[in-house]
Amino acid sequence: MSYRDAGRERLLFLADVVMLEARYLAQTDGRLFARPLAVEDIDRLLLDADLAERVDAFVARFGRLQDTLAGALLPRLLESQLEPQGSVLDNLNRAERRGWIRSSTDWAELRMLRNRMVHEYVRDRQQLVDALNAAHAGVEDLVNAAALMAAQARVNV
């Protein structure tokens with residue numbers, strides 16, 4: 001298999017992965033956010049294993065989709081279009097110009113939310129619930145970005 005063929009296979013594989021990750025995130029999002037979360041929900045995490053697992057799955061899937069999109073698919077997609085590789089922010093700016101993401105600034109804010117959900121988990125319940133609800137509001141952007149980039153990846157092969 002040639003280097004070019006291997007690159008195409010990797011691009012298609014990543015397109016498939018992000019679509020699965022987007023689907024799983026959307027499913028977990030729907031199960032966790034039947035209504036906005038409140039601090040009282042966070043207080044129940046130790047007693048409600050199902051809720052705790054949904055929160056953990058949401059945080060993991062939210063971060064995983066971001067990581068796969070920005071760290072794996074986007075660089076390969078830009079490479080397939082003979083674009084120079086830059087920092088993650090440079091690549092996100094290129095993605096924004098192409099209409100694959102709504103805003104690189106919003107993407108950076110979603111990344112900070114992911115970090116807050118992970119690092120503030122134990123210390124501050126209000127910050128955690130605020131971050132979870134804000135991340136929920138960003139799920140649509142992530143799922144849309146996954147669909148747009150996966151579709152573009154399929155066009156490029």
Side-chain angles (χ1 to χ4, degrees), residues 1-33 36-37 52-124 126-157:
M1 176 182 301
S2 72
Y3 177 78
R4 186 178 176 139
D5 290 339
R8 287 179 180 158
E9 271 191 44
R10 180 72 178 154
L11 189 60
L12 288 175
F13 169 77
L14 290 169
D16 290 343
V17 167
V18 299
M19 291 311 300
L20 282 172
E21 289 178 353
R23 180 178 172 196
Y24 295 147
L25 174 60
Q27 286 174 345
T28 301
D29 182 71
R31 289 186 61 229
L32 182 59
F33 293 97
L37 292 179
E53 288 172 0
R54 282 183 282 147
V55 168
D56 286 344
F58 175 79
V59 171
R61 290 173 175 178
F62 186 88
R64 187 176 307 120
L65 181 56
Q66 278 186 330
D67 290 345
T68 306
L69 283 169
L73 180 59
L74 179 56
R76 290 278 190 195
L77 187 53
L78 291 169
E79 179 182 79
S80 75
Q81 295 189 343
L82 305 176
E83 285 286 334
Q85 296 300 298
S87 68
V88 172
L89 186 56
D90 289 337
N91 291 344
L92 289 170
N93 285 329
R94 287 183 181 98
E96 180 181 353
R97 284 193 298 274
R98 284 167 180 72
W100 300 336
I101 64 173
R102 192 167 53 86
S103 162
S104 59
T105 302
D106 290 350
W107 190 280
E109 289 176 15
L110 290 175
R111 188 64 182 179
M112 290 186 333
L113 283 173
R114 178 235 184 234
N115 293 339
R116 281 182 34 215
M117 288 186 292
V118 171
H119 299 295
E120 297 300 327
Y121 195 91
V122 175
R123 295 184 345 184
D124 188 320
Q126 186 62 56
Q127 281 188 3
L128 174 60
V129 79
D130 290 346
L132 286 165
N133 285 316
H136 163 63
V139 166
E140 184 177 352
D141 283 348
L142 289 179
V143 170
N144 287 341
L148 290 168
M149 284 191 232
Q152 186 62 53
R154 290 183 180 97
V155 167
N156 286 3
V157 292

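Scope of the values below: all heavy atoms of this structure, side chains included, with no hydrogens, waters or symmetry mates. Owing to the predicted nature of the structure, the values given are computational and were not obtained by experimental measurement.
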Undergrad: Who are the side-chain contact (heavy atoms from CB on, under 4.5 Å) partners of A145, not counting sequence neighbours?
TA: L69, I101, W107, M149
Undergrad: If you measure from CG on L20 to CZ on R23, what distance do you get to the nearest 0.5 Å?
TA: 7.0 Å
Undergrad: Is there side-chain contact between Q152 and R98, with at least one heavy-atom pair below 4.5 Å?
TA: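 No; the side chains remain at least 4.5 Å from each other.
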Undergrad: Roughly how far, to the nearest 0.5 Å, is the CG atom of L32 from the CZ atom of R61?
TA: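 Going from the CZ atom of R61 to the CG atom of L32 covers 11.5 Å.
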Undergrad: Any side-chain heavy-atom pair from F62 and T28 closer than 4.5 angstrom?
TA: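 Not touching, per the 4.5 Å side-chain cut-off.
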Undergrad: Are more than 12 heavy atoms, taken from residues, nucleotides or ligands other than R154, located less than 6.0 Å from that residue's CZ atom?
TA: yes
Undergrad: Looking only at heavy atoms, what is the nearest atom pair of V88 and A70, with distance?
TA: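 Closest approach of V88 to A70: CG1-CB, 4.3 Å.
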Undergrad: Mind checking the OG-CG spacing from S87 to N93? Nearest 0.5 Å is all I need.
TA: 8.0 Å
Undergrad: Using the side-chain contact (heavy atoms from CB on, under 4.5 Å) criterion, which residues pair with P36? Sequence neighbours excluded.
TA: N133
Undergrad: When the ring planes of F33 and H136 are compared, do they come out parallel, tilted or perpendicular, using 30° and 60° as the limits?
TA: parallel
Undergrad: Could you check whether any side-chain N or O of Q85 sits under 3.5 Å from a backbone N or O of P75, counting only pairs where one atom can act as donor and the other as acceptor?
TA: yes
Undergrad: Got E9 and L12 here, is their nearest side-chain heavy-atom distance under 4.5 Å?
TA: no
Undergrad: Got a second to check how far N91's CG is from S104's OG, nearest 0.5 Å?
TA: 11.0 Å
Undergrad: May I ask you to test the D67-R114 pair for a side-chain heavy-atom distance under 4.5 Å?
TA: yes
Undergrad: Is there a side chain to side chain contact (heavy atoms under 4.5 Å, CB included) between L73 and L11 once you walk through the steps?
TA: CA-CA 7 Å; L73 180 59; L11 189 60; 3.8 Å; yes
Undergrad: When you compare the side chain of R94 with that of P84, does any pair of heavy atoms fall below 4.5 Å?
TA: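 Yes, close enough: below the 4.5 Å cut-off.
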Undergrad: A side-chain contact here means heavy atoms from C-beta on lying under 4.5 Å apart; do E21 and L25 qualify?
TA: no
Undergrad: Show me the pairs that pass salt bridge (Lys or Arg N to Asp or Glu O under 4.0 Å) and involve residues 130-148, at least two apart or across chains.
TA: R102-D141
Undergrad: Measuring from atom CD of Q66 to atom CG of N115, what distance do you get when rounded to the nearest 0.5 angstrom?
TA: 8.5 Å
Undergrad: State the CE-CZ distance between M117 and F58, to the nearest 0.5 angstrom.
TA: 5.5 Å
